[in-house]
Amino acid sequence: QVQLVESGGGLVQAGGSLRLSCAASGRTFANDAMGWFRQAPGKEREFVATISSSGGSTYYADSVKGRFTISRDNTKNTVYLQMNSLKPEDTAVYYCAARRWPAIKIQSRSYDYWGQGTQVTVSS
């Protein structure tokens with residue numbers, strides 16, 4: 001059974017940092033591109049960041065560019081999202097996703113597996 005399990009969410013003050021982790025199991029994700037998405041209350045799920053299977057390509061939403069960094073460790077089947085300079089508007093449930101192709105995509109429909117999400121709350 002394929003599973004993606006996010007961790008590392010929590011409550012942080014504006015300007016602070018958090019590091020999200022997504023541990024994958026049930027298949028080898030070394031050939032899969034991975035992504036992070038988020039959904040705030042009353043809003044649609046939106047793209048945050050994506051990384052290719054090798055880690056050589058990344059892409060970010062304009063809203064997080066320069067503040068967030070996506071990375072992966074294929075030996076651990078884990079992808080990370082380092083979030084710095086957090087803002088109240090970053091408050092959302094953050095989801096990890098995997099697609100069965102190595103190339104990056106920003107559309108959520110391109111992803112085949114999803115985690116259950118982890119809450120990130122940024123206070124002002």
Answer whether the closest heavy-atom distance between the side chains of Arg38 and Lys43 falls below 4.5 Å. no
Considering all heavy atoms, the nearest Glu6-Gly115 contact: OE2-CA, 3.3 Å
To check you understand the geometry: which heavy-atom pair defines the closest contact between Gln116 and Tyr95, and what is its length? O-CE2, 3.5 Å
Evaluate the side-chain proximity of Arg27 to Asp32: yes if any heavy-atom separation is below 4.5 Å, no if none is. yes
Donor-acceptor pair between Tyr111 and Arg99 side chains, under 3.5 angstrom: no
Looking at side-chain heavy atoms only, is the closest gap between Trp36 and Ile70 below 4.5 Å? yes
Over all heavy atoms of both residues, which pair between Ser108 and Trp114 is shortest? Give the atoms and the distance, please. O-CZ2, 3.5 Å
Under 4.5 Å between any side-chain heavy atoms of Leu86 and Phe68, yes or no? yes
Any idea how Tyr113 and Phe29 line up, ring-wise: parallel (<30°), tilted (30 to 60°), or perpendicular (>60°)? perpendicular
What is the minimum heavy-atom distance between Leu4 and Ala24, and which atoms define it? CD2-CB, 3.5 Å
Compute whether any side-chain donor of one residue and acceptor of the other, for Ser53 and Asn31, lie under 3.5 angstrom apart. no
With a 4.5 Å heavy-atom cut-off, do Leu81 and Thr69 have their side chains touching? no
Which atom of Met34 lies closest to which atom of Val79, heavy atoms considered: CE-CG1, 3.9 Å
Exercise: do Ser52 and Tyr59 side chains pair donor with acceptor under 3.5 Å: no
Checking side-chain polar atoms at under 3.5 Å, does Glu89 have a donor or acceptor matched by the opposite partner on Thr91? no
For residues Leu20 and Met83, report the shortest heavy-atom separation together with the two atoms involved. CG-CE, 3.8 Å
